[in-house]
Amino acid sequence: MNWPGLIANYKEFLPVTEETPALTLQEGNTPLVHLSNLSNQLGIELYAKIEGANPTGSFKDRGMVMAVAKAVEAGSRSIICASTGNTSAAAAAYAAKAGIRAIIVIPKGKVALGKLAQAMMYGAEIVEIEGNFDEALNMVRKVSETSAVTLVNSVNPYRLEGQKTAALEVCDQLGSAPDILAIPVGNAGNISAYWKGFKEYNEVKQTGLPKMFGFEAEGAAAIVQGKPITEPETVATAIRIGNPASWNLAVAAREESGGIIESVTDSEILEAFKLLAKTEGIFAEPASCASIAGVLQQIQSGSIPSGSKVVAVLTGNGLKDPQTAISEINIETVSLPNDEKTVIEYIEGVVTA
Ligand code: F0G
């Protein structure tokens with residue numbers, strides 16, 4: 001069967017009406033990959049939800065298809081968002097598909113190259129500010145109150161509605177909820193959306209509930225520290241956020257599920273980033289790897305018992321941020337002249353070594 005996209009597939013779980021346009025780029029239905037090598041090494045059953053397989057390469061497509069469809073349904077002709085990159089890529093793509101305008105406000109110099117290229121290609125109007133995500137979000141929230149433009153950041157409730165579908169997929173793919181759901185936390189929308197999805201699916205299908213394990217980057221760990229961070233900093237630019245909009249919902253997800261929200265350092269994130277690619281053949285962007293870094297950390301600290309069934313959400317594709325990858329991997333490429341004999345001799349030497 002050709003996958004119909006989220007709105008068509010999950011309409012009984014989503015706030016759709018007869019008037020909601022059938023918008024889709026065939027988002028959702030992403031793979032849940034068993035990380036067999038890491039599972040063996042770690043003594044747990046570890047799976048990854050590959051959200052980088054969505055049409056624009058991140059989980060944001062799930063929320064954006066709903067937010068843009070509902071904006072169009074309400075008669076809006078323009079959308080606006082602040083973004084660390086992925087939200088803006090998704091907003092721009094779905095606006096292009098729906099034939100409406102997208103205006104995006106981003107922190108100058110802090111958006112990974114692939115994400116910027118996407119927003120440009122999809123035809124968004126791009127505003128860069130000499131400030132961070134939190135400041136950009138305050139600005140777009142204000143302007144959406146006074147202008148004819150729909151805010152599509154995750155404070156728009158349709159965003160979380162769309163994003164909750166990932167939890168439904170995880171339950172269907174595993175047969176039930178996992179013991180633990182490990183997830184990066186930035187603006188805290190996604191952890192809140194997954195928890196909503198797990199609860200709603202459990203009510204209808206008795207799929208059970210996981211413990212929610214959220215991970216912030218140490219330099220942007222507002223929830224962990226219990227106070228907003230005015231100048232957040234981390235290599236994981238996607239989660240370089242100092243005052244998460246869904247803070248209260250994320251804390252509720254942690255409390256209700258008996259989970260944790262902890263922080264991981266940039267070096268833990270980068271170690272997990274490299275380990276995942278080399279051990280499992282999965283290239284996820286640095287922020288995504290906060291989930292894997294968190295799993296490694298919590299196995300060490302004893303809060304993930306051996307044998308646990310753990311799903312780590314890999315929120316975005318590694319190709320979004322090639323610069324961080326290239327600067328982190330110190331592999332010398334071998335440069336040879338265009339001479340058959342030299343090349344063959346070199347490779348024979350490597351193979352027999
Ligand atoms: N992972 C990636 C790859 C992200 O792009 C984001 C958020 C997160 C994790 C955190 O999710 O905010 O729901 O807690 N990116 C937003 C953006 C902020 O603008 O693209 P969250």
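Counting starts at 1 for both ligands and their atoms, following the listed order.
The atoms of ligand 1 that sit less than 4.0 Å from any heavy atom of Asn86 are 2 (C), 3 (C), 4 (C), 5 (O), 20 (O). Taking a cut-off of under 4.0 Å to the non-hydrogen atoms of Thr87, the atoms of ligand 1 that pass are 16 (C), 17 (C), 19 (O), 20 (O).
Inspection of the Glu345 and Thr342 side chains reveals no N or O donor paired with an N or O acceptor under 3.5 Å. With no hydrogens or angles considered, no side-chain donor-acceptor pair links Thr84 and Lys110 at under 3.5 Å. A donor atom on one side chain and an acceptor atom on the other are found under 3.5 Å apart for Glu73 and Thr17. Side-chain contact of Arg62 with Thr165: a donor-acceptor pair under 3.5 Å is present, judged by distance alone. In summary, the side chains of Thr30 and Glu51 do present a donor paired with an acceptor at a separation below 3.5 Å, with no hydrogens or angles considered.
Residue Ala188 has at least one N or O atom closer than 3.5 Å to an N or O atom of ligand 1. In terms of polar-atom proximity, Gly186 is counted as a contact of ligand 1, with an N or O under 3.5 Å from an N or O of the ligand.
Residue contacts with ligand 1: Ile191 is excluded, as none of its non-hydrogen atoms falls under 4.0 Å.
At a threshold of 4.0 Å, the pair Glu161-Lys196 counts as salt-bridged, since one of the basic side-chain nitrogens sits closer than that to a carboxylate oxygen.
Of the listed residues (Phe133, Phe215, Tyr194, Phe59), the one carrying the non-hydrogen atom nearest atom 11 (O) of ligand 1 is Phe59.
For atom 1 (N) of ligand 1, the closest heavy atom belonging to the protein is Thr315 OG1, 2.7 Å. Among all protein heavy atoms, the one lying closest to atom 13 (O) of ligand 1 is Asn190 N, 2.7 Å. Atom 15 (N) of ligand 1 has as its closest protein heavy atom Lys60 NZ, 3.0 Å. Looking at atom 8 (C) of ligand 1, its nearest protein heavy atom turns out to be Ile239 CG2, 3.5 Å. Ranking the protein heavy atoms by distance from atom 4 (C) of ligand 1 puts Ala238 CB, 3.5 Å first. Scanning all protein heavy atoms for the shortest distance to atom 12 (O) of ligand 1 gives Asn187 N, 2.7 Å.
Using cut-offs of 30° and 60° for the angle between ring planes, the Phe215 and Phe213 rings count as perpendicular. Ring orientation note: the planes of Tyr47 and His34 are tilted relative to one another, at an angle of 30° to 60°.
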